[in-house]
Amino acid sequence: DGCGHTVLGPESGTLASINYPQTSPNSTVCEWEIRVKPGQRVQLKFGDFDIDDSDSCHSSYLRVHNGIGPTRTEIGKYCGFGFQMDGLITSKSNEVTVQFMSGTHTSGRGFLAAYSTTDKSDLITCLDNASHFSEPEFNKYCPAGCVIPFADISGTIPHGYRDSSSLCMAGVHAGVVSNTLGGQINVVISKGIPYYEGSLANNVTSKVGPLSTSLFTFKTSGCYGTLGMESGVIPDSQITASSVLEWSDQTGQVNIWKPENARLKRVGPPWAAFISDEHQWLQIDLNKEKRITGIITTGSTLAEYYYYVSAYRILYSDDAQKWTVYREPGMDKDKIFQGNTELYQEVRNNFIPPIIARFFRIKPLKWHQKIAMKVELLGCQFSIGRAPKITMPPPPPQNKNDKNDDFSDDFIHSVKTSLQTDKTTFTPEIKNTTVTPSVTKDVALAAVLVPVLVMVFTTLILILVCAWHWRNRKKKTEGTYDLPYWDRAGWWKGMKQFLPTKSAEHEETPVRYSSSEISHLRPREVPTMLQTESAEYAQPLVGGIVGTLHQRSTFRPEEGKEASYADLDPYNSPIQEVYHAYAEPLPITGPEYATPIIMDMSSHPSTPLGVPSISTFKAAGNQAPPLAGTYNKLLSRTDSTSSAQALYDTPKGQPGPGATDELVYQVPQSMAHSTGSKDE
């Protein structure tokens with residue numbers, strides 16, 4: 001009467017004292033006899049040990065024996081509060097007896113232990129969680145029987161499980177290992193999330209969990225894709241049922257809950273049987289053999305119809321004639337799958353090992369009010385490949401009820417499940433975060449080639465972009481005819497020092513324009529030469545032939561569209577404002593002095609009478625600028641041998657109302673032209 005939670009599998013299992021983890025009752029005893037395959041040995045690992053040792057292990061203790069029965073020999077006797085046993089207890093044969101004795105005591109939880117064959121060197125217990133291991137990725141072996149009522153988990157797939165969750169119990173919930181058989185798990189640790197969802201899967205309820213620093217997931221074979229119920233890959237004609245619920249509502253409308261309505265997450269009514277009994281079934285034809293790893297079910301999903309199936313069996317077939325009921329390996333009873341507990345929640349059950357079949361049938365056993373459900377199958381493509389063909393002699397004629405017939409079916413089924421499977425087919429939704437644990441040479445080669453190819457293509461793209469920019473920049477430089485975008489007030493002064501000195505021939509020849517010459521100029525050049533407004537600054541001396549770009553000229557070409565020679569007469573055009581590109585207007589409070597000009601007068605004759613002398617003094621008083629419309633002549637300096645000498649006039653102005661302090665300087669004029677020239 002001292003036996004607690006116990007699952008004894010063929011290769012592993014779990015055992016605990018009665019009432020664990022609460023205080024065990026007084027005067028109880030329990031013995032476990034463990035057997036594994038001949039030739040193997042048993043190893044025992046304690047997850048928790050807390051037995052009263054007040055009487056030195058006399059009345060309360062745990063004893064382990066080699067063998068079973070009267071010939072067994074003792075391996076050890078153990079007791080103590082919080083007893084830590086880091087190592088494993090190993091038997092000398094394939095049989096072990098574990099004896100628990102509980103005498104009179106006031107405290108002590110008892111114990112929980114796991115066992116496996118000795119080839120499972122990484123055995124853990126059902127109490128181990130991810131926080132007990134520091135590695136970011138590790139492999140462990142979970143024993144059978146880790147679905148225990150006193151442990152809990154938080155989270156689900158594909159998001160992951162909270163680090164405080166039991167590793168093995170989470171493995172059962174995820175469908176990685178079987179609670180009946182146990183198995184290997186490959187755990188990956190990653191950063192935690194703020195919230196963990198709860199769900200029901202494989203008879204394990206995952207609770208909602210709060211934020212944690214880390215979480216863990218499992219690596220699996222990857223065969224967890226949906227097989228086409230929800231997506232419609234499986235056509236309606238391949239979904240059949242034993243009966244269909246058909247009825248009329250109060251408005252007289254006929255409602256038919258057909259088999260094709262049994263698609264998970266589809267809006268609308270589910271499939272429902274006309275009669276709710278154990279003879280009803282829902283059948284799915286996959287069109288060819290598939291590897292089926294799980295099933296997801298819901299109820300009616302209609303609030304006004306609270307229908308769902310709470311338990312069912314699974315049958316499968318290759319020809320839809322002869323059906324096999326699903327059983328777990330080593331079990332002689334059909335497996336009963338837990339269904340839904342309400343009409344909305346999705347409940348998942350996994351098949352370990354997977355089912356290899358074309359036809360899949362669900363047979364409800366328990367339900368609420370009526371049999372109604374929606375389903376989705378999980379799995380992947382199955383291919384025999386190059387598996388050797390197994391030939392068997394024809395069995396002798398036997399009675400249909402003979403047990404050997406069942407044995408032959410089981411043998412053929414076991415052969416199918418042992419064959420290799422092909423890669424996973426494309427599925428519209430993956431229900432589990434899975435990564436293939438094995439890495440092939442092709443993957444390693446791709447890991448090297450992909451970065452190299454990315455670098456090569458990136459380099460080529462950069463070279464093409466640079467060449468394109470260089471070409472555009474070169475074209476832009478060659479095709480620019482406007483003035484540079486810098487301070488244009490001092491541009492002429494800055495460029496004069498880079499220009500060659502004017503020749504004597506050009507200096508002697510003033511630039512003159514006639515009406516015939518002006519008519520041949522482009523309209524954009526005319527406003528520069530013929531200004532309707534007087535310039536407020538002296539014009540620089542220019543000489544030479546006037547070109548399209550006005551070489552050695554400070555006149556700025558007008559921006560905009562160039563007009564053709566056939567345009568209207570520029571003299572009849574509206575007056576346009578002319579902005580000079582060689583200077584900015586002088587500020588009102590700026591200097592009012594003429595630029596000093598130093599000339600060597602020793603070798604020149606004196607200035608004739610009537611000609612004003614050179615002045616660099618500030619003009620006194622308020623002087624008005626010249627009247628608008630006055631044109632200044634563009635004249636060049638005369639040669640040094642001429643009797644007339646080039647001079648600059650002093651600032652001039654006429655007083656008048658509203659005159660400002662601005663000073664206006666006339667352009668340089670030669671002696672001969674200053675007296676005889678007239679405005680044209």
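Numbers for residues simply follow the sequence, beginning at 1.
Among the candidates Leu44, Thr97, Val98, Val64, the single residue satisfying the side chain to side chain contact (heavy atoms under 4.5 Å, CB included) test with Ile75 is Val64. With respect to Leu200, the side chain to side chain contact (heavy atoms under 4.5 Å, CB included) criterion is satisfied by exactly one of Thr156, Asn349, Asn340, Thr205: Thr205.
For Asn26 (side chain) and His105 (main-chain N/O), a donor-acceptor pair under 3.5 Å exists by modelled atom type. Judged purely by atom type and a 3.5 angstrom limit, Asn66 has no side-chain atom pairing as donor or acceptor with the backbone of Thr73. Of the possible donor and acceptor atoms, none in the side chain of Ser102 sits under 3.5 Å from a partner among the backbone N and O of Thr28. A donor-acceptor pair under 3.5 Å is formed between the side chain of Ser212 and the backbone N or O of Ser214. In this structure, the side chain of Thr6 engages the main chain of Gly4 through a donor-acceptor pair within 3.5 Å. No side-chain donor-acceptor contact under 3.5 Å links Thr298 to the backbone of Tyr344.
Here Asp50 contributes atom CG and Ser24 contributes atom OG; the two are 8.5 Å apart, rounded to the nearest 0.5 Å. Separating the OG1 atom in Thr217 from the CD atom in Glu137 is a distance of 9.0 Å, to the nearest 0.5 Å. In this structure, CG on Leu62 lies 5.0 Å from CZ on Phe49, to the nearest 0.5 angstrom. Between the CG atom in Leu377 and the CD1 atom in Ile292 there is a gap of 6.0 Å [rounded to 0.5 Å]. Asp319 CG to Lys322 NZ: the interatomic distance, rounded to the nearest 0.5 Å, is 9.0 Å. In this structure, Ser190 OG and Phe216 CZ are separated by 10.0 Å, a value rounded to the nearest 0.5 Å.
Counting heavy atoms from C-beta on, the side chains of His173 and Ile153 come closer than 4.5 Å. The shortest side-chain heavy-atom distance between Ser276 and Trp367 falls under the 4.5 Å cut-off. Within the 4.5 Å cutoff, no side-chain heavy atoms of Leu15 are placed close to those of Phe100. Contact annotation: the side chain of Ile185 approaches that of Phe218 to within less than 4.5 Å [non-hydrogen atoms, C-beta and beyond]. No side-chain heavy atom of Glu328 sits under 4.5 Å from any side-chain heavy atom of Leu181. Counting only heavy atoms from C-beta outward, the side chains of Ile189 and Glu135 never approach each other to under 4.5 Å. Between Met229 and Ile284, some side-chain heavy-atom pair lies under the 4.5 Å cut-off. Within the 4.5 Å cutoff, side-chain heavy atoms of Phe81 are placed close to those of Asp52.
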Residue pair Asp163, Leu215: steps toward the side chain to side chain contact (heavy atoms under 4.5 Å, CB included) verdict: CA-CA 5 Å; Asp163 55 3; Leu215 60 80; 5.9 Å; no
Candidate pair Lys265 and Glu376, rule salt bridge (charged side-chain N to carboxylate O under 4.0 Å, His left out), full reasoning: CA-CA 9 Å; Lys265 297 182 180 179; Glu376 178 62 280; over 6 Å; no
Worked verdict on Ile193 versus Arg162 for side chain to side chain contact (heavy atoms under 4.5 Å, CB included): CA-CA 8 Å; Ile193 57 178; Arg162 200 172 189 272; over 6 Å; no
Residues Lys140, Phe133; criterion side chain to side chain contact (heavy atoms under 4.5 Å, CB included); working and verdict: CA-CA 11 Å; Lys140 297 296 177 182; Phe133 305 96; 3.5 Å; yes
Verdict with supporting geometry, Glu346 and Thr297, side chain to side chain contact (heavy atoms under 4.5 Å, CB included): CA-CA 6 Å; Glu346 295 183 4; Thr297 62; over 6 Å; no
Pair Tyr326-Phe351, ring-ring contact (aromatic ring centres under 6.0 Å, His included): steps then yes or no: CA-CA 9 Å; Tyr326 183 82; Phe351 310 126; 5.4 Å; yes
CA sep, side-chain torsions, deciding dist, call: Gln43, Thr117, side-chain hydrogen bond (donor to acceptor under 3.5 Å, both in side chains): CA-CA 6 Å; Gln43 59 184 5; Thr117 54; over 6 Å; no
Disulfide (SG to SG under 2.5 Å) between Cys142 and Cys126, intermediate numbers included: CA-CA 7 Å; Cys142 288; Cys126 302; over 6 Å; no
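Heavy atoms only, all atoms of each residue included: Ile51 and Gly110 are closest at CG1-O, 4.0 Å. Smallest separation of non-hydrogen atoms from Lys37 and Asn94: O-CB, 3.5 Å. Of all heavy-atom pairs between Cys168 and Cys146, the closest is CB-SG, 3.4 Å. Scanning all heavy atoms of the two residues, the minimum distance from Thr104 to Ser59 falls at N-OG, 4.5 Å. When all heavy atoms are compared, the tightest approach of Gln280 to Ser242 is OE1-OG, 2.6 Å. Across all their heavy atoms, Arg348 and Asn350 have their closest contact at NH1-OD1, 2.7 Å.
Here Trp32 and Phe111 bring their ring centres to under 6.0 angstrom of each other.
By the 6.0 Å and 45° rule, Lys77 stacks over the aromatic ring of Tyr61. By the 6.0 Å and 45° rule, Lys363 does not stack over the aromatic ring of Tyr312.
Scanning for salt bridge (Lys or Arg N to Asp or Glu O under 4.0 Å) contacts around Arg35 gives Glu33, Glu95, with sequence neighbours left out.
Taking the six-membered ring where tryptophan is involved, the planes of Tyr20 and Phe150 are perpendicular, since the angle between them exceeds 60° and thus also 30°.
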Taking only distance into account, with no hydrogens and no angle test, what donor-acceptor pairs under 3.5 Å do side-chain atoms of residues 329-338 form with protein atoms, sequence neighbours excluded?
{"from": "Asp334", "atom 1": "OD1", "to": "Arg327", "atom 2": "NE", "distance (Å)": "2.8"}
{"from": "Asp334", "atom 1": "OD1", "to": "Arg327", "atom 2": "NH2", "distance (Å)": "3.4"}

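Note on Arg63 versus Glu31: no salt bridge recorded, every NZ/NE/NH1/NH2 to OD/OE distance being 4.0 Å or above.
No side-chain donor-acceptor contact under 3.5 Å links Tyr196 and Ser206.
Counting non-hydrogen atoms of other residues, nucleotides and ligands closer than 6.0 Å to CZ of Arg41 gives a total of 12 or fewer.
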